[in-house]
There are 2 protein chains.
Amino acid sequence: MARTKEFNEDHALDKAIEIFWHKGYNGTSAQDLVTHLGLSRSSLYDTFGDKQQLFMKSLQRYQLQAQESVKELLEKSENVEETLKAIFKQAVIESLEDRITKGCFMVNSSVELAMHDEEIAKIVKSNSQTMEEVFTNAVKKGQEAGHISKQLDAKVLARFIFNNYCGIRVLARAGERNKQVYDDIVKAVFSVL
Amino acid sequence: MARTKEFNEDHALDKAIEIFWHKGYNGTSAQDLVTHLGLSRSSLYDTFGDKQQLFMKSLQRYQLQAQESVKELLEKSENVEETLKAIFKQAVIESLEDRITKGCFMVNSSVELAMHDEEIAKIVKSNSQTMEEVFTNAVKKGQEAGHISKQLDAKVLARFIFNNYCGIRVLARAGERNKQVYDDIVKAVFSVL
DNA sequence: CCAATTCAGGAACGATTGTTCCGTATTTTT
DNA sequence: AAAAATACGGAACAATCGTTCCTGAATTGG
């Protein structure tokens, strides 16, 4: 009965993630979205509602993608310390090679919007909680296997790790291009584990 | 020959810091500035140029204020570890009691603008460098006095400390109100020193 | 073929953006 | 007192903002 959608909704969301990630919410105009997503104004608004809804869907999709990989890596890991190191190393690589430094979409959004938009705040909070759980479980496993020191509680270490992970993403967003800076931070972090 | 200014320029800048800090650059409108600074549009533009210039002057003034206190505290300190603990404790207190969570103006600005405004990027970079130096010198002093472990280089520790400091400020901006989270991070950080 | 649905494109909306300008009031110096 | 300079409030600017709506073409299933 009806014409089928010509564009893939998820693919369009990925494009939205890109530009929101790069320019932020307030920095991205409706015209930016039209240009970057390759949709017409009408299709865009028909499909995603308004700008705020599109942003939230983008952020939620990003959260899903970002959490999935870390969670899976850590749960399947047989040496948590090594896996954590690999995760940090990957973050450093991304920070350095990203020609347009984007940092972390979640961190950027939480700084820009969390205190002014309650719905965004909810997403940020849910992300923090999930990440804390994922890291806590991982650390516990690492401690039981003897790969991570038991001197500090798993939850303490999890929060500590997450804090440094966020810090590194801010550093990247600020345009830090000196690999040594990142390596030093990672080195100090892992001296605790 | 001429009429004297009725308002204090620095006091106006402090007001500008407040609102830019709270709402960000893109989130603050010209009307917001007029209302919050208590100046007329004309006086505002005559005195500070345009919005971007006012923002830069605000950020520079903030940088001066923020650096001054930390620098002085650490240079006068006789036990660097204790002083660093006090500085972190203070950051935690501010994060918790700040009813409108503002985080750190420098961190917020670097996330929002550093990659889109070269002049802001310069300020951010100069801030990072200065803070790194201040922390490095402090750590060196602490290591020589035996208050801080020599297991890691002073510069490594300085970058590590700064990273966690930024992370905590992001956490605050994101609206974290659980003191235990901050305390855990601080605990883990100081287990390295 | 018909009816239904979605597409793209662009005109148009009112609101708000940052900025400029003008007339008037006020204060200072000569 | 006169003259110069600046602050002030507010009107007005063009531009852009997010959003809505309309048009006609395209594509689908019945």
Side-chain angles (χ1 to χ4, degrees), chain A residues 1-60 105 108-109 112-113 116-120, chain B residues 1-60 105 108-109 112-113 116-120:
Chain A
M1 284 199 192
R3 184 174 171 180
T4 55
K5 270 198 204 306
E6 289 189 3
F7 61 93
N8 180 288
E9 198 162 317
D10 280 343
H11 184 257
L13 266 186
D14 286 335
K15 286 287 185 184
I17 290 177
E18 277 184 16
I19 193 156
F20 278 134
W21 191 351
H22 176 48
K23 295 193 164 194
Y25 179 79
N26 285 314
T28 303
S29 70
Q31 186 53 46
D32 285 336
L33 291 168
V34 169
T35 304
H36 198 77
L37 300 211
L39 304 186
S40 65
R41 271 179 152 63
S42 30
S43 303
L44 208 158
Y45 276 85
D46 284 352
T47 310
F48 298 107
D50 59 12
K51 186 183 169 187
Q52 206 259 2
Q53 288 178 51
L54 173 56
F55 186 87
M56 294 212 15
K57 281 176 190 159
S58 303
L59 189 57
Q60 279 165 337
F105 188 25
N108 299 351
S109 302
E112 184 187 4
L113 302 171
H116 300 106
D117 186 316
E118 210 167 316
E119 309 209 57
I120 301 289
Chain B
M1 285 198 193
R3 184 175 172 181
T4 55
K5 270 199 206 304
E6 288 189 5
F7 60 92
N8 180 287
E9 200 162 315
D10 280 344
H11 183 256
L13 267 186
D14 285 335
K15 285 287 185 183
I17 290 177
E18 278 184 16
I19 192 155
F20 277 135
W21 191 351
H22 176 49
K23 294 193 164 194
Y25 179 79
N26 285 314
T28 304
S29 69
Q31 186 54 45
D32 286 336
L33 291 168
V34 168
T35 304
H36 199 78
L37 301 211
L39 304 186
S40 66
R41 271 177 151 65
S42 31
S43 304
L44 207 158
Y45 275 86
D46 283 351
T47 309
F48 298 107
D50 59 12
K51 186 183 169 186
Q52 206 259 0
Q53 288 178 53
L54 173 56
F55 185 87
M56 294 211 17
K57 280 176 191 159
S58 304
L59 189 57
Q60 279 165 337
F105 188 25
N108 298 352
S109 302
E112 184 187 5
L113 302 171
H116 299 106
D117 186 317
E118 211 167 316
E119 308 208 58
I120 301 289

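Reminder, nothing fancy here: chain letters follow the sequence lines and each chain counts from 1.
- Residues B:His22 and A:His116 meet the side-chain proximity criterion, which asks for heavy atoms closer than 4.5 Å.
- In this entry the distance linking CG of B:Leu54 with C1' of C:dT19 reads 14 Å, nearest Å.
- The distance from atom CG of B:Asp50 to atom P of D:dA15 is 18 Å, rounded to the nearest whole Å.
- In terms of phosphate contacts, A:Ser43 brings a side-chain nitrogen or oxygen within less than 4.0 Å of OP1 or OP2 of C:dA8.
- In this structure, A:Leu39 CG and A:Phe48 CZ are separated by 6.5 Å, a value rounded to the nearest 0.5 Å.
- Distance, B:Leu37 CG to D:dC8 P: 11 Å, rounded to whole Å.
- The nearest heavy atom of DNA chain D to A:Gly49 and to A:Asp32 marks one nucleotide each, and the one closer to the 5' end goes with A:Asp32.
- Where B:Lys51 and B:Ser42 each meet DNA chain C at their nearest nucleotide, the meeting point lying more 5' is that of B:Lys51.
- Side-chain contact between A:Leu13 and A:Leu54 is present, with heavy atoms from C-beta onward closer than 4.5 Å.
- Residues B:Asp32 and B:Thr35 bring no donor and acceptor atom of their side chains to less than 3.5 Å of each other.
- Note on ring orientation: taking the six-membered ring where Trp is involved, the planes of A:Phe55 and A:Tyr25 are perpendicular (angle over 60°, cut-offs 30° and 60°).
- Computed from coordinates, the A:Leu44 CG to D:dT20 C1' distance equals 13 Å when rounded to whole Å.
- An OP1 or OP2 oxygen of C:dA8 is reached within less than 4.0 angstrom by a side-chain nitrogen or oxygen of A:Ser40.
- D:dT20 atom P lies 14 Å from atom CG of A:Leu33, rounded to whole Å.
- At whole-Å resolution of the value, CG in B:Asn26 and C1' in C:dT17 are 11 Å apart.
- Between C:dA8, D:dT19, D:dG10, one nucleotide has an atom nearer to the side chain of A:Tyr45 than all others, and that is D:dT19.
- Atom-to-atom, NZ of A:Lys23 to P of D:dT16 comes out at 13 Å; the value is rounded to the nearest Å.
- As judged by a 4.0 angstrom heavy-atom cut-off over every strand, B:Ser29 is placed among residues touching the sugar-phosphate backbone only.
- Following rounding to the nearest Å, B:Asp46 (CG) and C:dT20 (C1') show an atom-to-atom distance of 10 Å.
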